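Notes follow the structure.
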Number of protein chains: 2
Amino acid sequence: MKYSKQKDEILKLMRSGRLDHPSAAEVFVAMKEILPDIGIATVYRNLNALSDMGFLKRLSFAGEADRYDFNLADHHHAICLGCGRVFDFDMKLDNSVEKKLAEKSGFSVVSVKYSVSGYCKKCACCK
Amino acid sequence: MKYSKQKDEILKLMRSGRLDHPSAAEVFVAMKEILPDIGIATVYRNLNALSDMGFLKRLSFAGEADRYDFNLADHHHAICLGCGRVFDFDMKLDNSVEKKLAEKSGFSVVSVKYSVSGYCKKCACCK
DNA sequence: TTGAAAAATGAGAATGATTATCTTAATTGT
DNA sequence: ACAATTAAGATAATCATTCTCATTTTTCAA
């Protein structure tokens with residue numbers, strides 16, 4: 001057990017893939033079944049710590065609670081405006097942008113975010 | 001005066017370019033000089049209404065207050081992790097992505113967001 | 001012009017996500 | 001085993017934003 005029981009179990013849960021791009025609140029309810037005494041602050045703390053350590057990615061979408069993703073592979077997200085589900089998608093981004101930015105304005109890029117919002121198949125049909 | 005005095009003045013202020021990608025709070029303080037009795041709720045209400053009407057764009061960045069942009073031209077944003085300033089940049093996105101998404105998963109794209117975070121010239125040097 | 005209906009305002013309460021604080025419990029190294 | 005460190009759990013605090021509601025402003029038909 002490298003870290004605390006709580007941090008370990010949270011990471012294990014995240015890596016299990018049982019939850020689909022969960023928010024901290026969703027992780028909290030799932031963790032309650034594993035460690036019934038866990039507190040919400042511990043969940044936030046550890047999700048953020050694990051993200052800082054590079055084991056998770058923290059995702060933000062406008063007007064919604066942040067999500068956490070165990071998938072570290074380079075990919076992007078599409079969020080459904082109907083049901084709120086997040087879908088992964090792959091696409092190679094033209095990274096000449098960073099270079100141009102650096103050249104033109106001296107801006108040094110730390111991270112790039114590409115995301116899409118719309119309606120998933122299920123939500124699009126009945127809209 | 002097409003709309004209410006407040007909405008008109010907010011739009012005029014935004015279009016003046018005096019404020020740089022301001023948050024609602026920043027618009028509020030600037031508006032106080034124009035209409036001293038204006039309330040913060042009115043500012044939020046009208047910024048959002050104007051965005052819904054397509055006269056402004058509402059921008060979201062992780063962990064920060066939303067910003068509003070009068071520039072409707074197709075462009076993207078780079079946010080400085082140091083000073084919080086938002087910089088515009090242009091880039092043509094490969095819109096074949098939407099098509100692929102639609103084909104593969106039946107996801108219908110409403111909007112695409114591409115944004116970059118990092119350090120601006122000023123903040124990069126003293127980091 | 002009047003006056004009722006509709007729309008928008010301003011003040012402040014409410015909400016929701018997230019972080020901060022603080023006391024206690026667990027872990028570590030000696 | 002014990003002092004020092006680290007993390008936990010509970011809860012208060014924060015911050016942006018939205019909601020509510022009483023009041024004011026606007027609209028528009030009679």
Side-chain angles (χ1 to χ4, degrees), chain A residues 1-14 19 21-53 55-69 77 79 81 84 86 117, chain B residues 1-14 19 21-53 55-69 77 79 81 84-86 115 117:
Chain A
M1 191 186 299
K2 288 149 74 184
Y3 309 117
S4 72
K5 189 171 35 165
Q6 289 80 345
K7 186 178 286 180
D8 267 349
E9 291 293 341
I10 288 172
L11 183 54
K12 202 191 298 178
L13 171 63
M14 287 299 295
L19 304 173
H21 302 93
S23 65
E26 288 165 347
V27 173
F28 177 61
V29 303
M31 280 303 302
K32 275 286 187 184
E33 293 175 15
I34 300 166
L35 299 173
D37 291 335
I38 200 168
I40 184 79
T42 300
V43 172
Y44 271 102
R45 241 189 318 253
N46 283 314
L47 286 172
N48 291 337
L50 290 164
S51 301
D52 292 343
M53 296 162 83
F55 294 135
L56 298 175
K57 280 196 294 189
R58 185 174 179 170
L59 314 177
S60 295
F61 300 97
E64 300 212 34
D66 288 356
R67 318 297 189 81
Y68 296 85
D69 192 351
H77 298 99
I79 186 164
L81 300 170
V86 172
S117 63
Chain B
M1 192 187 296
K2 288 150 72 182
Y3 310 118
S4 71
K5 190 171 37 171
Q6 290 80 346
K7 185 177 286 177
D8 266 349
E9 291 293 340
I10 288 172
L11 183 54
K12 202 191 298 178
L13 172 62
M14 287 300 294
L19 304 173
H21 301 94
S23 64
E26 288 163 347
V27 173
F28 177 60
V29 302
M31 279 304 301
K32 274 286 189 185
E33 293 175 15
I34 300 165
L35 299 173
D37 291 335
I38 200 169
I40 184 80
T42 300
V43 173
Y44 272 101
R45 241 189 318 250
N46 283 314
L47 287 172
N48 291 337
L50 290 165
S51 302
D52 292 344
M53 296 163 83
F55 294 135
L56 298 176
K57 280 196 295 190
R58 184 174 179 169
L59 314 177
S60 295
F61 300 97
E64 300 211 34
D66 288 357
R67 317 297 188 82
Y68 297 84
D69 193 350
H77 297 100
I79 185 164
L81 300 170
R85 264 193 74 188
V86 173
S115 68
S117 62

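Predicted model, so just to flag it, every value in this text is computed and none were measured. Protein chains get the first letters and strands the later ones, always in sequence-line order, with residue 1 at the start of each. No hydrogens, no waters, no symmetry mates; every other heavy atom, side chains included, goes into these values.
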- Query: Parallel under 30°, tilted from 30 to 60°, perpendicular over 60°: which one fits the rings of Tyr3(B) and Phe55(B)?
  - Reply: tilted
- Query: Ile40(B): what forms a side-chain contact (heavy atoms from CB on, under 4.5 Å) with it, not counting sequence neighbours?
  - Reply: Phe28(B), Tyr44(B)
- Message: I'd like to check the side-chain contact (heavy atoms from CB on, under 4.5 Å) partners of Leu81(B); sequence neighbours left out, ordered by chain and number.
- Response: Val110(A), Ser117(B), Tyr119(B)
Measure [atom1]/[X] against [atom2]/[N] and give the value in whole Å, please.
{"X": "Leu59(B)", "N": "dT17(D)", "atom1": "CG", "atom2": "P", "value": "12 Å"}
{"X": "Glu26(A)", "N": "dT18(C)", "atom1": "CD", "atom2": "P", "value": "11 Å"}
{"X": "Lys7(A)", "N": "dA7(D)", "atom1": "NZ", "atom2": "C1'", "value": "8 Å"}
{"X": "Ile34(A)", "N": "dA8(D)", "atom1": "CD1", "atom2": "P", "value": "15 Å"}
{"X": "Phe28(B)", "N": "dT17(D)", "atom1": "CZ", "atom2": "P", "value": "14 Å"}
{"X": "Asp66(B)", "N": "dT17(D)", "atom1": "CG", "atom2": "P", "value": "5 Å"}
{"X": "Met31(A)", "N": "dG9(D)", "atom1": "CE", "atom2": "C1'", "value": "13 Å"}
{"X": "Asp37(B)", "N": "dT23(D)", "atom1": "CG", "atom2": "C1'", "value": "14 Å"}

- Message: Under 4.0 Å, heavy atoms only, any strand: does Ala41(B) hit a base, just the sugar-phosphate, or nothing?
- Response: base
- Which part of the nucleic acid does Ile40(B) contact within heavy-atom distance under 4.0 Å: base, sugar-phosphate only, or nothing? nothing
- Query: Among residues 43-51 of chain A, which contact DNA chain D at a heavy-atom distance under 4.0 Å?
  - Reply: Arg45(A), Asn46(A)
- Task: State, yes or no, whether a side-chain contact exists between His21(A) and Tyr68(A) at a heavy-atom distance under 4.5 Å.
- Result: no
- Does Glu9(B) use its side chain to pair, donor to acceptor, with the backbone of Gln6(B) at less than 3.5 Å? no
- Message: Applying side-chain contact (heavy atoms from CB on, under 4.5 Å) to Leu47(A) and Asp66(A), what does each step give before you reach the verdict?
- Response: CA-CA 11 Å; Leu47(A) 286 172; Asp66(A) 288 356; over 6 Å; no
- Should Asp69(A) and Met14(A) be marked as a side-chain contact (heavy atoms from CB on, under 4.5 Å) after you check the CA-CA gap, both sets of side-chain angles, and the distance that decides it? CA-CA 8 Å; Asp69(A) 192 351; Met14(A) 287 299 295; 5.9 Å; no
- Ser4(A) side chain near dA8(D) phosphate (N/O to OP1/OP2, under 4.0 Å): yes
- Is the phosphate of dT25(D), meaning OP1 or OP2, less than 4.0 Å from a side-chain N or O of Gln6(B)? no
